[in-house]
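All remarks here apply to the structure that follows.
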2 protein chains.
Amino acid sequence: MPAPPVTLIDVAKAAGVSPITVSRALNEPQLVRPVTLAKVQEAVKRTGYVKNMLAGGLASSRSKLVALVLPTISTQTFADMVQGATDRLTAAGYQLLLGIVGYETWREEILVETILSRRPDGVILTGSLHTDSTRQRLLQIGTPVVETWDMTPHPIDMVIGFSHEEVGHACAKHLLDQGYRRFGMLTANDPRAGQRTQGFQVALAKQGVNVVVARQVPAPGALPQGRIGAVKLLDEHPDLDAIFCSSDTLAHGVLIEAQSRGLRVPEDLAIMGFGDLNFSGYTNPPLSTVKVDGAKIGAMSAQALLNRLDGDDTAERIVNTGFELIQRGST
Amino acid sequence: MPAPPVTLIDVAKAAGVSPITVSRALNEPQLVRPVTLAKVQEAVKRTGYVKNMLAGGLASSRSKLVALVLPTISTQTFADMVQGATDRLTAAGYQLLLGIVGYETWREEILVETILSRRPDGVILTGSLHTDSTRQRLLQIGTPVVETWDMTPHPIDMVIGFSHEEVGHACAKHLLDQGYRRFGMLTANDPRAGQRTQGFQVALAKQGVNVVVARQVPAPGALPQGRIGAVKLLDEHPDLDAIFCSSDTLAHGVLIEAQSRGLRVPEDLAIMGFGDLNFSGYTNPPLSTVKVDGAKIGAMSAQALLNRLDGDDTAERIVNTGFELIQRGST
DNA sequence: CTGTTAGCGCGTTCAC
DNA sequence: GTGAACGCGCTAACAG
């Protein structure tokens with residue numbers, strides 16, 4: 001039996017005060033005398049009032065909503081970002097509007113439009129490759145924006161992330177230092193993966209080394225594609241001594257194939273991944289990887305928005321969170 | 001430079017029509033003559049109008065928002081639920097409001113209150129253990145509700161899930177059929193895990209078999225706790241021949257410990273899990289598990305709400321989605 | 001098919 | 001510390 005909707009006015013009548021007093025009692029209790037406050041709270045309980053943030057948001061132009069746009073949620077790091085952002089936002093009385101867009105830019109464009117129609121107080125975007133139209137809209141509406149999970153010299157507003165090219169550099173240096181020279185690459189065709197492989201190749205080239213062979217699979221590269229990719233790479237170039245993958249999932253597939261061929265990893269073949277896939281099936285998985293703290297990035301992004309909303313405009317607009325190169329399986 | 005906000009009235013002026021015509025052109029294009037429609041669309045583009053669903057929702061009492069409340073998002077199955085629900089909702093023009101509550105009921109109570117303040121058109125809840133106050137609120141507001149991931153004889157509204165007791169039964173039968181008799185249990189202290197272990201024990205008891213020893217860890221049981229738990233179980237009862245775990249993650253920890261003791265799994269020790277953790281680190285992980293299709297449950301829940309919102313009230317209110325017992329590692 | 005009128009429920013701005 | 005009037009931007013219901 002849905003009871004008739006209870007409004008703030010009903011509460012006001014029940015408490016014997018004016019509507020605005022109820023509003024204040026709910027939103028800025030310190031501005032209301034304790035006695036009045038108690039009366040209001042009692043009336044709220046008695047009437048079963050639930051506040052209406054549609055009306056509130058419309059009147060105040062503050063929706064207490066923050067949108068988070070992610071390509072997928074089925075990756076541990078992105079799930080961590082959701083968790084990290086949610087924690088911060090909830091603590092500050094905000095709610096999360098989640099958008100999942102996959103890896104196609106045009107989907108983001110549509111989603112951003114839909115999201116903006118809710119008038120969120122802030123938007124967190126993954127990556128910094130957006131259509132012009134998306135950028136326009138965001139700038140026009142004037143909502144604070146954090147681009148995350150990437151670095152860019154021309155941010156829409158704020159940036160909290162790391163450079164995927166630097167990741168590529170670091171991986172190249174790591175492998176070169178260990179003496180590897182004949183490189184294969186296996187990458188998913190998502191833009192950030194591309195930046196990593198780009199950085200990887202550039203860093204190699206500086207040392208006069210070239211990638212022997214590269215293969216690409218559709219994003220987000222799944223494990224079987226990693227294995228199949230490895231089959232092709234190793235069949236065509238049996239003398240490869242290192243394979244650089246755009247994700248741990250792909251790397252995992254490569255590892256399985258390598259082991260089934262009796263290759264010792266990393267002695268015969270080094271494998272590098274990216275992400276933070278849990279390799280706990282192995283006591284000590286013999287592949288190195290680059291790890292990023294998703295929860296931290298999510299929390300920092302949320303915090304950046306909250307600061308801005310508090311009028312605190314002093315912080316850096318561009319923050320490099322860095323990443324961690326994890327070396328495993330070596331002697 | 002945030003431009004001044006563009007309202008529907010601005011568009012109406014620009015198009016030379018009345019505001020309501022713009023509204024219709026945007027929401028029910030088929031009710032508007034093509035010529036008018038074109039004029040409006042042109043005006044929308046020219047002005048850069050973005051619709052305001054706060055205002056729209058307030059006026060129409062339809063927010064086009066559906067809330068999904070989950071204990072965590074860092075579990076593959078729950079992430080799949082988000083994905084499944086998002087897909088259906090997006091296709092129908094709805095957006096997802098995500099709430100993550102952990103495993104404490106009082107947190108859900110607060111979150112539900114906050115969520116209802118957005119006046120979502122529907123709410124999807126995980127499980128069916130809610131405080132009275134939560135149930136009251138939901139019933140009072142009259143929002144369509146789907147309780148999922150569980151079965152209950154006294155639903156708030158609709159239910160789409162499976163019986164955790166049946167899962168326990170099925171596991172018990174499976175292990176008994178294979179000849180195992182000396183059972184240990186390792187479970188997280190979340191309510192649904194409790195129902196599974198309960199069902200497991202009852203089914204065993206019917207065959208005159210009792211669980212030798214049970215241990216509990218805080219929800220959501222992590223892998224190290226699985227391993228530590230296994231140490232204690234096996235130290236105290238070296239003659240166990242099967243361990244029933246409340247999750248694959250715990251089971252995985254048990255597996256690692258078993259292997260490090262040189263136990264053959266499942267010949268010397270059977271291990272049962274629950275969930276759909278990807279054990280791809282193993283070519284053929286030797287533990288059986290129960291698998292649930294999260295994406296399907298998410299999509300079905302969303303669809304159930306959408307049907308209701310379309311006035312379609314004919315479907316079953318209680319749907320048992322079932323689960324799949326996956327036997328692995330046996331001869 | 002399109003326009004008019006009248007709110008939706010609340011917060012802002014001033015007064016008191 | 002509390003109240004009154006007004007408007008946020010849009011849509012329901014009817015009229016034409």
Side-chain angles (χ1 to χ4, degrees), chain A residues 3-41 43-44 47-65 93 114 116-121 141-142, chain B residues 3-41 43-44 47-65 93 114 116-121 141-142:
Chain A
V6 179
T7 76
L8 204 158
I9 297 185
D10 299 322
V11 178
K13 284 180 192 154
V17 297
S18 80
I20 184 58
T21 300
V22 177
S23 173
R24 280 199 274 256
L26 261 32
N27 300 317
E28 304 168 289
Q30 71 282 9
L31 297 185
V32 167
R33 196 174 3 137
V35 192
T36 320
L37 190 59
K39 274 197 297 188
V40 172
Q41 288 170 335
V44 166
T47 54
Y49 172 72
V50 177
K51 96 166 132 170
N52 186 332
M53 297 185 81
L54 293 179
L58 177 58
S60 67
S61 328
R62 281 180 292 94
S63 60
K64 288 271 184 178
L65 216 47
T114 317
L116 288 179
S117 72
R118 303 271 174 204
R119 298 294 187 272
D121 294 335
I141 298 278
Chain B
V6 179
T7 75
L8 197 152
I9 297 185
D10 299 321
V11 179
K13 285 179 191 152
V17 297
S18 80
I20 187 63
T21 299
V22 177
S23 173
R24 281 198 273 256
L26 261 32
N27 300 316
E28 303 168 291
Q30 72 282 9
L31 297 185
V32 167
R33 193 173 10 138
V35 191
T36 320
L37 190 59
K39 274 196 298 188
V40 172
Q41 287 169 338
V44 166
T47 54
Y49 172 72
V50 176
K51 96 167 132 169
N52 186 332
M53 298 186 80
L54 292 179
L58 177 58
S60 67
S61 329
R62 281 179 292 95
S63 59
K64 289 269 186 180
L65 216 48
T114 316
L116 288 179
S117 73
R118 305 268 175 207
R119 298 294 186 272
D121 294 336
I141 298 278

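Side chains are part of it too, since the values below use all heavy atoms of this structure and drop only hydrogens, waters and symmetry mates. Only a predicted model underlies this, so the values are computations on that prediction, with no experimental measurement involved.
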- Using the test side chain to side chain contact (heavy atoms under 4.5 Å, CB included), find all partners of B:Ala14 that sit at least two apart in sequence or belong to another chain.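 With neighbours one apart ignored, the set is B:Ala43, B:Arg46, B:Thr47.
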
- Message: Going by side chain to side chain contact (heavy atoms under 4.5 Å, CB included), name the residues that satisfy it together with B:Glu28, two or more places apart in sequence or in a different chain.
- Response: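 B:Glu28: side chain to side chain contact (heavy atoms under 4.5 Å, CB included) contacts with B:Arg24, B:Gln30, B:Leu31.
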
- Task: Please report the shortest heavy-atom distance between B:Ala12 and B:Val22, naming the atom on each side.
- Result: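 Residues B:Ala12 and B:Val22, closest heavy atoms: CA-CG2, 3.6 Å.
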
- If you look at every heavy atom in A:Ala25 and A:Val40, which pair is closest and at what distance?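 The pair with the smallest heavy-atom distance is CB-CG1, 3.7 Å.
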
- Are B:Arg119 and A:Val50 side-chain neighbours, meaning at least one heavy-atom pair lies under 4.5 Å?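 Touching, per the 4.5 Å side-chain cut-off.
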
- Query: Does a side-chain heavy-atom distance below 4.5 Å link A:Ser23 with A:Ile20?
  - Reply: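 In short, these two side chains touch, coming nearer than 4.5 Å.
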
- Could you tell me from which nucleotide to which nucleotide of DNA chain C, 5' to 3', there is an atom under 4.0 Å from chain B heavy atoms?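 Reading along DNA chain C, I get C:dC1 to C:dG9.
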
- Message: According to side chain to side chain donor-acceptor pair (under 3.5 Å), who are the partners of B:Asn52, at least two apart in sequence or on a separate chain?
- Response: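 B:Asn52 satisfies side chain to side chain donor-acceptor pair (under 3.5 Å) with no residue once adjacent residues are dropped.
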
- Task: Could you list the residues that satisfy side chain to side chain donor-acceptor pair (under 3.5 Å) with A:Ser18, not counting sequence neighbours?
- Result: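 With sequence neighbours excluded, A:Ser18 shows a side chain to side chain donor-acceptor pair (under 3.5 Å) to A:Thr21, given in chain and number order.
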
Would you compute the distance between atom [atom1] of [X] and atom [atom2] of [Y] and round it to the nearest 0.5 angstrom?
{"X": "A:Lys51", "Y": "A:Leu8", "atom1": "NZ", "atom2": "CG", "value": "10.5 Å"}
{"X": "A:Leu26", "Y": "A:Leu37", "atom1": "CG", "atom2": "CG", "value": "9.0 Å"}
{"X": "A:Leu54", "Y": "B:Leu65", "atom1": "CG", "atom2": "CG", "value": "8.0 Å"}

- Message: Please give me every residue in residues 31-40 of chain B whose heavy atoms get under 4.0 Å of an atom in DNA chain D, ordered by residue number.
- Response: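 Those residues whose heavy atoms fall under 4.0 Å from DNA chain D, taken from residues 31-40 of chain B, amount to none.
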
- Task: Output every pair passing side-chain hydrogen bond (donor to acceptor under 3.5 Å, both in side chains) with a member in residues 53-65 of chain A, not counting sequence neighbours, ordered by first then second residue.
- Result: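 Matches after skipping sequence neighbours: A:Ser63-A:Asp121.
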
- Task: Five pairs at each end of the helix from C:dC1-D:dG16 to C:dC16-D:dG1: take the axis at both ends and give me the angle between them to 10°.
- Result: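 Helix axis angle between the two ends: 20°.
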
- Message: How would you summarise protein contacts on nucleotides 9-16 of chain D per nucleotide, using B for base, S for sugar-phosphate only and - for none, with heavy-atom distances below 4.0 Å?
- Response: BBSB----

